[in-house]
Amino acid sequence: MTNLYDSLPTCRSPQVTIVGAGNVGRTLAQRVAEKNLADVVLIDIVEGLPQGVALDLIEAQGIESHDSQIIGTNNYEDTAGSDIVVITAGLARKPGMSRDDLLQVNAKIVYEAAQKAVKQSPNAVFIVITNPLDVMTYLTWKATGLPHQRVMGMAGVLDSSRLQTFIAMELKVSTADVTTMVLGGHGDLMLPLPRYCTVSGVPITELMDAATIERLVDRTRNGGAEIVKLLQTGGAYYAPASSASLMVESIIRNQSRLLPTAAYLQGQYGLNDIYLGVPCHLGCRGVEKIFEVNLTEEERSALHVSAESVRENLKIALAGVGLTPTTVG
Ligand code: TXD
């Protein structure tokens, strides 16, 4: 048989590297592959783990009818030329542990992983998932040396999706009709914005009393902890993986979805030199645009309080990886 293509340059599908083949990483690999978004390279520090997960996932390829290749590896060279790198490596929260307790240990893991990954994929867009999210995203930006538009964090999509679910459950309407917006840092100080949440265009402030809204907002703020408490062995991963796959899709398909994303701020919302959750257009170049929505005085000061807590942790994390926090304002 003659291979007619031997003399032509090779072509390839988009490729997503996922660092960390734990719960979030492997579930994201499944979502990306089954949605036919890209080939997937799963990399983990534990030998055999990413290989086993990848083999298990690819053995369902025929049944799930997708064309994505999935490989597992412990070697960064196998991740070369990726279009997107998603970082999930690190430790998950244990019951009673706050996100910020994870700070020091995850800082080192994420910083090193980002350095190794960018060497192999200098043109990639990076999406960070590891907690504490806003801090780890800043560290990844520092570690990679990439333009800030190509480094972002996933949290707002998840927080918004949780609030969307709770509103739909409360009003007994389809989640498809509910849109929500949660800004700020991914933590207890996140800023759900009920004024910008609607059911088919009707603000929820017209549909629920203030006490009900506050209850749902509170449940959203504690959404991660609620699941940790139930599971007892680690944190949420189905909804986080779905949230990350939405961002991957918007970037790979250049959809310019408007999604709450941890993005680098340079004066927007009165904040500088910090990664924080704000509404962004995500396209093939990463964060294509940051939207500045009008905030009340109260909302704006809540956003600044959230930013302050991120800054405190950022100083500790930067020091943890041997960087002086001179640029942190
Ligand atoms: O909204 C969000 N951003 C989040 C964040 C939602 C859910 C989970 N969130 C955080 O993601 C969570 O607090 C953790 O920091 C990460 C990963 O959560 P996951 O539940 O996937 O944790 P696992 O199952 O413990 O998986 C972590 C994997 C595990 O397989 C380790 O062996 C691996 O990370 N790991 C590494 N891989 C590569 N390189 C290094 N150095 C490394 N160290 C650990």
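Remember, it's 1-based here, ligands and their atoms both numbered in the order they're listed.
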Original post:
Do the non-hydrogen side-chain atoms of Ile251 and Met152 ever get within less than 4.5 Å of each other?
Top reply: yes
Subject >> Shortest reach to atom 12 (C) of ligand 1 by a heavy atom, considering only Ile18, Asn131, Asp134 >> reply: Asn131
Subject >> Polar proximity ligand 1 side, Tyr237 side, N/O cut 3.5 Å exclusive >> reply: no
Original post:
Just heavy atoms, cut-off under 4.0 Å: does Met154 contact ligand 1 by side chain, backbone, both, or neither?
Top reply: both
**OP:** Check each heavy atom of Leu49 against ligand 1 and say whether those closer than 4.0 Å belong to the side chain, the backbone, both or neither.
**Re:** side chain
Original post:
For Val19 and ligand 1, does the shortest N/O to N/O distance drop below 3.5 Å?
Top reply: no
Original post:
What atoms in ligand 1 come closer than 4.0 Å to a heavy atom of Asn106?
Top reply: 15 (O)
Original post:
Counting each atom of ligand 1 from 1 as listed, which ones have a heavy atom of Thr88 under 4.0 Å away?
Top reply: 16 (C), 17 (C)
**OP:** Quick one: do Arg215 and Asp218 satisfy salt bridge (charged side-chain N to carboxylate O under 4.0 Å, His left out)? Show the steps, please.
**Re:** CA-CA 5 Å; Arg215 177 165 51 78; Asp218 238 44; over 6 Å; no
Original post:
Is Pro240 touching ligand 1 with its side chain, its backbone, both, or neither, if touching means heavy atoms under 4.0 Å apart?
Top reply: side chain
Subject >> Atoms of ligand 1 close to Leu91 [distance to a heavy atom under 4.0 angstrom, numbered from 1] >> reply: 13 (O), 14 (C), 15 (O)
Subject >> Residue-ligand contact Gly235/ligand 1, heavy atom below 4.0 Å >> reply: no
Original post:
Is it true that the NZ or CZ of Lys289 lies under 6.0 Å from the centre of Phe291's six-membered ring and within 45 degrees of the ring axis?
Top reply: yes
Original post:
Donor-acceptor pair, Gln69 side chain versus Asp39 backbone, under 3.5 Å?
Top reply: no
Original post:
Just wondering, do Leu171 and Leu207 contact through their side chains at under 4.5 Å, heavy atoms?
Top reply: yes
Subject >> Pairwise distance CG(Leu103) to NZ(Lys315) - rounded to 0.5 angstrom >> reply: 13.5 Å
**OP:** Pick one of side chain, backbone, both or neither for how Leu158 approaches ligand 1, counting any non-hydrogen atom pair under 4.0 Å.
**Re:** side chain
**OP:** Of the side chain and backbone of Ala236, name the one, both, or neither that has a heavy atom under 4.0 Å from an atom of ligand 1.
**Re:** backbone
**OP:** Would you mind running through ligand 1 and noting each atom that sits below 4.0 Å from a heavy atom of Val46?
**Re:** 32 (O)
Original post:
For ligand 1, does Thr130 get within less than 4.0 Å through its side chain, its backbone, both, or neither, judged by non-hydrogen atoms?
Top reply: both
